[in-house]
Amino acid sequence: MRLSSFFLPTLKETPTEAQIVSHRLMLRAGMIRQQSAGIYAWLPLGHKVLKKIEQIVREEQDAAGAQELLMPTIQSADLWKESGRYDDYGKEMLRITDRHEREMLYGPTNEEMITDIFRTFVRSYRQLPLNLYHIQWKFRDEVRPRFGVMRGREFLMKDAYSFDIDPAGARRSYQAMFLAYLRTFARMGLKAIPMRADTGPIGGDLSHEFIILAETGESGVFCDKAWLDLDVLADAPDYKDDLQPFFDKYTSIYAATDEKHDAATCPVPAERLESARGIEVGHIFNFGTKYSKPMNATVAGPNGEPVHVEMGSYGIGVSRLVAAIIEASHDDNGIIWPDAVAPFNVGLVNLKPGDAETDRVCEELYVKLRAQGVEVLYDDRDERPGVKFADMDLIGLPWHLVVGPRGLKNGVVELKRRATGEREELSEESALAKLAR
RNA sequence: CGGGGCGUAGCGCAGUCUGGUAGCGCGCCAGUUUUGGGUACUGGAGGCCCCCGGUUCGAAUCCGGGCGUCCCGACCA
């Protein structure tokens, strides 16, 4: 993509409404535009990141055996009356009346609907286990939306729902999602720590929150320093194997939010205790038959008798993750995207458009990089070098490939790693080799 | 849902107290200049001063009502 034609409305000044760093940077980097309190339009750069995150979530859900479908954002109130939540959910649920005076709602979650789909089509325990998920916009009418997309009213969420014939099966489903979540966040370059959680209004008896560490996080967390050295991707078992040992290992290492942490009873000695800030980005629940009973979702068991299915639900805040990643990865100059979620891999900076040799080398690099499968944002604008460097740092692409007459005179281009600020002068060929995927 | 703040050019703000031709910086457009970290100068475009009503010869400014938005608290992925 050529920056001269890319829709990227960056801001030099910070809008006053933005209080936290991710919100400020998302506005300044031209990623989002607020349309109403807690409701945002995603501009091209933000949209690209959102899609990258969504895709990693999708791949890990698929790998764990979940299947994607897509349910609507607007739901009928009837299903919610059946589960009893229509009255329980309160003002957070946005209620809508259609032209026929029918009660509708903009879904804050989908347990009822997925249970309805399940009970319509699944008749036998032989069709289990089953895990269905979708990635869809949700709406919760927060009293006080804030912090940009971190706590908006409209948000993109992946929610998965598991169905099993018995509690043992439900536990396996839960463990598979537990593993999938650790892998998902690790792939995004995040350190995510599962913490035992209250089950809240959704109910159930087994639940973990996944908290990623970020200096500017909303809540305080305490954990064993052992967490910091764990490499989940290297450690992860195969989904076909027994996941219990892995689950036991990861649930036994101490971690607690500050509400639950008690210095007096903490099993971790002070020198091994890490105190940090964190942001919740995922939450998983096992809630047994909470919905299958009132909504009568049964399958025929091995002896032919109907059995209420055991369910669980598993959420990841996809749009929140965009902000959470920025909270965890930025500096004074702007965003620092982890490679896996960066909107482009490389920012190619032409320091002197109009200079024949500089233009020629840039065009060549632009073509060759893309041929190598590298996503490139080519800054071909007629702007001052300072403007280009500042914008490139702000939008945080992982690699900056800087081409100017001064370097070309010596046959070199400059490659900068955004995260470390490390710069290296090298030949065009070596730069291409280094950036090859 | 309690308490507070703010709505003036795309963004950041002054002007409101004390009513009298609507301003500044950044950005944008044209030109000159500059050329490896947001350059300098010249010229220009751009405003239902949040909305409705009232007071007044005259309202961005005073009064009443509404809406939007942000912050603190309680609540939440």
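Naming: A, B, ... by sequence-line order, numbering from 1 per chain.
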Taking B:G23 as the reference, what is the distance to B:G46 when you measure between their C1' atoms (whole Å, please)? 14 Å

Please give the distance between the P atoms of B:C49 and B:A59 as a whole number of Å. 12 Å

Is it true that, when you exclude A:K81 itself, more than 12 heavy atoms of the residues, nucleotides or ligands shown sit nearer than 6.0 Å to its NZ? yes

Side-chain donor/acceptor of A:S292 to backbone N/O of A:V309, under 3.5 Å: yes

Between A:R140 (side chain only) and A:P108 (backbone N and O only), is there a donor and an acceptor less than 3.5 Å apart? yes

May I ask you to check whether A:F210 and A:H208 place their ring centers less than 6.0 Å from one another? no

Side chain to side chain donor-acceptor pair (under 3.5 Å) between A:Q61 and A:Y133: does it pass, once the steps are laid out? CA-CA 8 Å; A:Q61 291 292 293; A:Y133 76 98; over 6 Å; no

Which atom names give the shortest non-hydrogen contact between A:C362 and A:V349, and what distance separates them? SG-O, 4.5 Å

A:D224: which residues meet the salt bridge (charged side-chain N to carboxylate O under 4.0 Å, His left out) condition with it, sequence neighbours left out? A:R272

Please confirm whether the ring centroid of A:Y89 lies under 6.0 Å from the ring centroid of A:W80. yes

Which atom pairs, donor and acceptor, lie under 3.5 Å between side-chain atoms of residues 400-414 of chain A and protein residues at least two apart or in another chain?
unit_1	atom_1	unit_2	atom_2	d
A:H400	NE2	A:L397	O	3.1
A:E414	OE2	A:R423	NH1	3.2

5' to 3', nucleotides 27-33 of chain B under a 4.0 Å protein heavy-atom cut-off (B base, S sugar-phosphate only, - none) gives S------

Checking contacts here: which listed nucleotide (B:G38, B:C70, B:C1) is nearest the side-chain heavy atoms of A:A37? B:C70

Pick the P atom in B:C50 and in B:U8, then give their distance to the nearest Å. 6 Å

Contacts of type ring pair (Phe, Tyr, Trp, His ring centres under 6.0 Å), residue A:Y378, not counting sequence neighbours: A:Y366

If you compare every side-chain N and O of A:Q19 against the phosphate oxygens of B:C72 (OP1, OP2), does one of them come in below 4.0 Å? no

Do any pairs count as a salt bridge (Lys or Arg N to Asp or Glu O under 4.0 Å) and have a residue in residues 67-78 of chain A, sequence neighbours left out, and if so which ones? A:R58-A:E68

Would you confirm whether A:R119, through its side chain, and A:I114, through its main-chain N or O, come within 3.5 Å as a donor-acceptor pair? no

Filter on salt bridge (Lys or Arg N to Asp or Glu O under 4.0 Å), then keep only pairs touching residues 18-39 of chain A, sequence neighbours left out; what's left? none

Restricting to pairs with a member in residues 323-364 of chain A, which pass ring pair (Phe, Tyr, Trp, His ring centres under 6.0 Å), not counting sequence neighbours? A:F6-A:F344

For nucleotides 8-12 of chain B, list the nitrogen or oxygen atoms of the protein found under 3.5 Å from its nitrogen or oxygen atoms, one pair per line.
unit_1	atom_1	unit_2	atom_2	d
B:C11	O2	A:E13	OE1	3.1
B:G12	OP1	A:T16	N	3.3

Residues from residues 155-164 of chain A sitting under 4.0 Å of RNA chain B, heavy atoms only? A:F155

Considering only side-chain heavy atoms of A:Q34, which listed nucleotide, B:U34, B:C70, B:G36, is closest? B:C70

Regarding the side chain of A:R28, the nearest nucleotide among B:G38, B:G36, B:G73 is B:G38

If the P atom of B:U39 is compared with that of B:C26, how far apart are they to the nearest Å? 10 Å

Should A:R144 be listed as having a side-chain N or O under 4.0 Å from OP1 or OP2 of B:C76? no

From the list B:G36, B:C1, B:C76, which nucleotide is the closest neighbour of the side chain of A:R406? B:G36

Want to settle it: does A:P405 or A:M150 sit nearer the 5' end of RNA chain B, counting the closest nucleotide to each? A:P405

Heavy-atom pair with the smallest gap, counting every atom of A:S319 and A:W42: CB-CZ2, 3.6 Å

A:R146 has its side chain closest, among B:A77, B:U69, B:C72, to B:C72

Report the nucleotide, chosen from B:G38, B:C71, B:C1, that has the shortest atom-to-atom distance to any side-chain atom of A:A390. B:G38

Give, ordered by number, those residues of residues 339-357 of chain A having at least one heavy-atom distance below 4.0 Å to an atom of RNA chain B; if nothing qualifies, reply none. A:L351

Say we look at B:G37 and B:U42: how far apart would their C1' atoms be, to the nearest angstrom? 26 Å

Distance between the C1' atoms of B:A77 and B:G25, in whole angstroms? 40 Å

If you assign each of A:K388 and A:Q35 to its closest nucleotide in RNA chain B, which residue comes earlier from the 5' end? A:K388

Kindly state which residues belonging to residues 62-73 of chain A come within less than 4.0 angstrom of RNA chain B, counting heavy atoms of the residue only, listed by number. none

Residue pairs fulfilling salt bridge (Lys or Arg N to Asp or Glu O under 4.0 Å) with at least one residue in residues 335-356 of chain A, sequence neighbours excluded: A:D339-A:R417

Looking at every strand, decide which applies to A:K91 at a 4.0 Å heavy-atom threshold: base, sugar-phosphate, or nothing. sugar-phosphate

Spacing of the C1' atoms in B:A14 and B:G47 (rounded, Å): 15 Å

On a heavy-atom basis, which atom in A:L377 and which in A:M392 lie closest, and how many Å separate them? O-CE, 4.4 Å

